[in-house]
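To keep things clear, I will list the structure first and then write my remarks on it.
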There are 2 protein chains.
Amino acid sequence: MPTPPYRQIADDLRRRILDGDLPPGAVVPSENALVEQYGVAAETARRALAVLAAEGLTEARRGSGTRVRSFRPILRQAGKRLAAEQWGSGRSIWQADLDQRPMTVDRATVAEQPCPARIAESLGLEEGAAVWVRDRRYLVEGVPVMLATSYLPAGLVAGSAITRPDSGPGGTYARLAELGWAPVAFREQVRARMPLPEEAEALQLGAGSPVVLIVRFAFARDGVPVEVNEMTLDASRYLMEWEFPA
Amino acid sequence: MPTPPYRQIADDLRRRILDGDLPPGAVVPSENALVEQYGVAAETARRALAVLAAEGLTEARRGSGTRVRSFRPILRQAGKRLAAEQWGSGRSIWQADLDQRPMTVDRATVAEQPCPARIAESLGLEEGAAVWVRDRRYLVEGVPVMLATSYLPAGLVAGSAITRPDSGPGGTYARLAELGWAPVAFREQVRARMPLPEEAEALQLGAGSPVVLIVRFAFARDGVPVEVNEMTLDASRYLMEWEFPA
DNA sequence: GGTGTTGACTTCCTTAGGGAACTAGCGGGA
DNA sequence: TCCCGCTAGTTCCCTAAGGAAGTCAACACC
């Protein structure tokens, strides 16, 4: 069972990319070039390039060419407790942009809706109970990087700024604190998979970019759940970090 | 710019899968069936099925057929602090196997090696300094689910059970504690991407399965780094969880 | 009743050829 | 100098045809 030609070509190109022979931004040989170079049919060359695109290593633009993608992630830090001066080593295997690029929001919608079943259970509500739903899309340097939908029990937040698009300084959690429901603990559940078409469209994902799904549960005193936040991240743009004691 | 046929067919099938019309394990219409049903060429039908496979929704077995994949994740809990009785709600959006299936190890290798550059910086060592490298592959129910490679400074662990394949009861961290280097804090950095071929082979990944990369830094008292652990997880088999205070 | 073989069905991969859609750069005209 | 149109090159998509390789079940045979 010899590896088929399209796979061999893909392996060649992949090694050139990983070796740095084809650095980020470099132009990958075109379909026609591969046809000549390897003596295969156009469709076979096309398949080879499709493999790399599916792995997220390259990005093709019709009419222009195929280029090597770069990975320059945004650092998302959760549960940051460790002082930088003392715990400085172990900084980053993958260098991430520590200088925070500003994150902006577009497409924000806020509405009162009946609670979906899966959320209701987490919030300790009945299915269909009223919740305020805050839906947002976040951009960094103009490109969408994250979708977030958070659910808050209407009984807790009715009348507050949480029910308005601009929740004010400090955001939702500051308002919750003013209402006497300051979050004291968080639980985040994380998984990764390939995006659905609507997710790929909303995040402008190229082929081969997985998404990371994070569901954050926020708890106030006595373990009262006050928020569930479902986030969808472009995995190719994020480096996530959690810290916790032994 | 109408959506091309192969994409329409993929959309049809995807909706049937997500709606539950084609439940996990069900057989997806074959290439020939799609050729008849939609009146397209075989290659087009094939492309439609390839889309679903690339999204990780289906799994094709040559000669047998294409089936809908199921997502039955292993729960990986890190930094668990919250008592179950008080913080019980917000249990799981995605139902995960809480009843821990036993995890076994095969392909374990332990060796003293010169430290790679990226690890050296994190451990506060010079590049090429001696480290003990523990390389393992974990199985659940016979299928590989995770690769892990951990690095420990030779100056700290020389002579201990850490340098042997079986590190004894309680594992590496118990031995570190006995040596006076008990870990007191952890930092985990996480990203997701499509696997490299060797990763896909080692984890027996089907097409469309991303991998999750976790790098864990373990710190002893005074912020001394004592271990770096690089893990590679089959994303389609894991649900990860972190907990932390506000 | 078991056992081995055959054949239908499946996915996988390739060549050959054609066309659509898009991009970037070049040259000519105002 | 600036702008427009053309053109060569690019990716994307499809049809048609054929063969390789694996799976599974029915059927004939002992």
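Nothing here was measured: the structure is a model prediction, and the numbers come from that model. Order of the sequence lines fixes the chain letters, A, B, ..., with proteins taken first and strands second; residue numbering starts at 1 for each chain.
A heavy-atom distance below 4.0 Å to DNA chain D is reached by these residues of residues 52-68 of chain A, ordered by number: A/Ala60, A/Arg61, A/Arg62, A/Gly63, A/Gly65, A/Thr66.
Paired with A/Leu147 under the rule side chain to side chain contact (heavy atoms under 4.5 Å, CB included), one option of A/Leu233, A/Thr232, A/Asp234, A/Asp135 passes, and it is A/Thr232.
In this structure, A/Glu43 places its CD atom 13 Å from P of C/dA16, rounding to the nearest Å. In this structure, A/Arg47 atom CZ and D/dC14 atom C1' are separated by 14 Å, rounded to whole Å. The CD1-P distance, from A/Ile9 to C/dC13, rounds to 13 Å in whole Å.
Closest to the side chain of A/Glu31, from the set D/dC12, C/dC13, C/dT11, is D/dC12. Between D/dC13, C/dT11, D/dC12, one nucleotide has an atom nearer to the side chain of B/Arg46 than all others, and that is C/dT11.
The heavy-atom pair separating B/Gly25 from B/Arg67 by the smallest distance is O-NE, 3.5 Å.
Ion pairing between a basic and an acidic side chain is recognised when a charged N comes within 4.0 Å of a carboxylate O; A/Glu199 and A/Arg193 show such pairing. By the 4.0 Å N-to-carboxylate-O rule, B/Asp19 lies too far from B/Arg16 to be salt-bridged with it.
The shortest distance between side-chain heavy atoms of A/Leu123 and A/Tyr151 falls below 4.5 Å. In this structure the side chain of B/Val131 reaches within 4.5 angstrom of the side chain of B/Val133, judged on heavy atoms.
Contact between the side-chain N/O atoms of B/Tyr6 and the OP1/OP2 oxygens of D/dC14 is not found at any separation under 4.0 Å. Contact annotation: A/Asn32 side-chain N/O to D/dT10 OP1/OP2 distance is under 4.0 Å.
Between B/Ser30 and A/Thr44, the one whose closest nucleotide on DNA chain C sits nearer the 5' end is B/Ser30.
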